[in-house]
Number of protein chains: 2
Amino acid sequence: MAKRENISMSVIRRLPRYYRFLRQLRETGVTRISSTELSVKLGLTASQIRQDLNCFGGFGQQGYGYIVDQLCLEIGNILGLKGGYKAILVGAGNLGQAIASHMNFTEDGFELAGIFDSSPFKIGNRIGNLEVSDTSELEAFCAEQKPTMAALCVPREAVEKLSDQLYQLGIRSFWNFSHYDISVKYPDVIVENVHLNDSLMTLCYRIHNAKES
Amino acid sequence: MAKRENISMSVIRRLPRYYRFLRQLRETGVTRISSTELSVKLGLTASQIRQDLNCFGGFGQQGYGYIVDQLCLEIGNILGLKGGYKAILVGAGNLGQAIASHMNFTEDGFELAGIFDSSPFKIGNRIGNLEVSDTSELEAFCAEQKPTMAALCVPREAVEKLSDQLYQLGIRSFWNFSHYDISVKYPDVIVENVHLNDSLMTLCYRIHNAKES
DNA sequence: TAGATTGTTAATCGATTAACAATC
DNA sequence: TAGATTGTTAATCGATTAACAATC
């Protein structure tokens, strides 16, 4: 019924968590769940869960709850996990290699179509079922395959120039592991930052400041 | 002057970004900066920056701005980056290896003191200046070295049992890369989650839903 | 002193929680 | 029908922005 327009990032960030959890439930054979039960297991309020879901539609049944299987499918659709958006990964260092081989892009809505690096020590290496290509081949690759998203695992010094190039080549969304804020220069671009150092620092802050109380 | 008690996570999460940026400024030889200049470069409001900083004290000078070098140091202290909190990493797969070798724990307030895995294929491998130990040695290691934090890079099936064990061994903070929510079971524990799949899914959502508008 | 910019209070905006009528 | 639980509106809470007095 609802189908609001501007969904807040707070809501969006909770969706994968719901999805993950519902899939687990489905695997354990649970067919039905109420917002209250979910709230207990997720450490949220039932109210919030119902609000969140109702941003996209009325998926539940009054007096009954939600059908796990159905809700799972709905959230998957909302997230667009069947999108198969073509993605490339640039930077095949430790982190890039780990991301490329550890992540299941397909399950998360993407198809990893190419891996690039500028170092001769990396070019030609096989990661999963892909071979690392020279960054000089980026232009031709993008022209032909038209990837939508680029995962950036390059050092900070390299990001600015690289993001300029990729923007030129038509890429408008980034999964950015580098310590550089792309969206300051390109506000029309979708950026999901994973700043591991920042993440670790906030942990440090909390340990540091928990001690004193 | 201010020194409030309950700093919100929103503020805490911005601190590393300020810190990063100020360090860059310092490197480029900038000595002085105003909240307005900072706001432009960071894409925030000047008001927010001043509010954030004033949670911890009055670091600026009216009519002048902030001394980059000094502010940088202050934020470093607030974050507790000199803490050198002893940390271990469990799970030396693709991701664990990348985290262990790619991250500079020392710069972010930690000292990586041990890496553990249960697989015979991993045990004995050298990562940086550490050697992967058998998880069976965890108990002895923790008793002796008393690490504060554990980075978890193990598969989901293994996390619950592992976090139980580590909790028993006195660890009260986690940098968690696994798809399992530790804080539901242990609310007294400090957890920083890095859920890469969730992160990728939110990117998928935004690409998917940007198209339609 | 005049100009600039902070620190801080007040106003606004948004997100979460509570309440309850609708309804399965 | 009675019980349960949703969908949705209203109340609360917190975070961001605006404004301005203090002061370097």
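Within every chain, numbering begins at 1; the chains are lettered A, B, ... in the order of the sequence lines, protein sequences first and strands thereafter. Here the structure is a predicted model, which means the values were calculated and not measured.
- A donor-acceptor pair is defined here as one N or O able to donate and one able to accept, closer than 3.5 Å; such a pair exists between the side chain of B:Thr45 and the backbone of B:Gln48.
- For A:Leu44 and C:dT17, the CG to C1' distance is 12 Å, given to the nearest whole Å.
- Taking each heavy atom of B:Cys153 and B:Phe177 in turn, the nearest pair found is SG-CD1, 3.9 Å.
- Every residue two or more places apart in sequence or in another chain that forms a side-chain contact (heavy atoms from CB on, under 4.5 Å) with A:Ala150 is listed here: A:Ile88, A:Leu152, A:Leu166, A:Ile171, A:Phe174.
- Atoms CE (B:Met9) and C1' (C:dA15) sit 17 Å apart, rounded to a whole Å.
- Contacts between residues 59-75 of chain A and DNA chain C, counted as heavy-atom distances below 4.0 Å, involve A:Gln61, A:Gln62, A:Gly63.
- Residues from residues 28-39 of chain B lying near DNA chain C, meaning a heavy-atom separation below 4.0 Å, are B:Arg32, B:Ser34, B:Ser35 in numerical order.
- Among the protein residues, B:Thr45 comes within range of the sugar-phosphate backbone only, with heavy atoms under 4.0 Å from sugar or phosphate atoms but none that close to a base.
- Between the side chain of A:Ser8 and the base of C:dA15, no donor-acceptor pair of N or O atoms lies under 3.5 Å.
- In this structure, A:Leu42 places its CG atom 14 Å from P of C:dT16, rounding to the nearest Å.
- The interatomic distance linking B:Ile49 (CD1) with C:dG7 (P) rounds to 12 Å, in whole Å.
- Rounded to whole Å, atom P of D:dG14 lies 17 Å from atom CG of B:Asp52.
- Distances shorter than 4.0 Å separate none of the side-chain N or O atoms of A:Ser10 from OP1 or OP2 on C:dA15.
- B:Ile7 places its CD1 atom 11 Å from the P atom of D:dA15, with the value rounded to the nearest Å.
- Scanning all heavy atoms of the two residues, the minimum distance from B:Pro147 to B:Cys142 falls at CD-CA, 3.7 Å.
- Taking the side-chain contact (heavy atoms from CB on, under 4.5 Å) definition, one finds that B:Gln165 meets it with B:Leu138, B:Leu162, B:Leu169, sequence neighbours left out.
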Working for side chain to side chain contact (heavy atoms under 4.5 Å, CB included), residues A:Leu200 and A:Asn197:
CA-CA 5 Å; A:Leu200 193 50; A:Asn197 288 285; 5.6 Å; no

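- Between the A:Ser199 side chain and the A:His195 main chain, no donor and acceptor come within less than 3.5 Å of each other.
- The side chain of A:Gln48 has C:dT16 as its nearest neighbour among C:dT6, C:dT16, D:dT8.
- Distances from the side chain of B:Asn54 to the nucleotides C:dG7, D:dA10, D:dA19 place C:dG7 closest.
- Of the possible donor and acceptor atoms, none in the side chain of A:Arg32 sits under 3.5 Å from a partner among the backbone N and O of A:Gly65.
- With pairs defined as Watson-Crick or G-U wobble and both atom distances under 3.5 Å, the stems of at least three pairs that touch DNA chain D come out as C:3-24 with D:3-24.
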Run the side chain to side chain contact (heavy atoms under 4.5 Å, CB included) check on A:Arg172 and A:Tyr186 step by step: do they pass?
CA-CA 9 Å; A:Arg172 289 291 178 279; A:Tyr186 298 109; over 6 Å; no

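- One atom, CG of A:Asn6, and another, C1' of C:dG14, lie 12 Å apart when rounded to the nearest Å.
- In the interface, the side chain of B:Gln51 is not paired with the base of D:dT16 through any donor and acceptor atom under 3.5 Å apart.
- B:Tyr18 is linked by a ring-ring contact (aromatic ring centres under 6.0 Å, His included) to nothing, counting only residues two or more places apart in sequence or in another chain.
- Within the 4.0 Å cut-off from OP1 or OP2 of D:dG7, not a single side-chain nitrogen or oxygen of A:Arg50 is found.
- A distance of 8.5 Å separates CG of B:Leu38 from OH of B:Tyr66, quoted to the nearest 0.5 Å.
- Under a 3.5 Å cut-off, the side chain of A:Glu37 and the backbone N or O of A:Ser34 do form a donor-acceptor pair.
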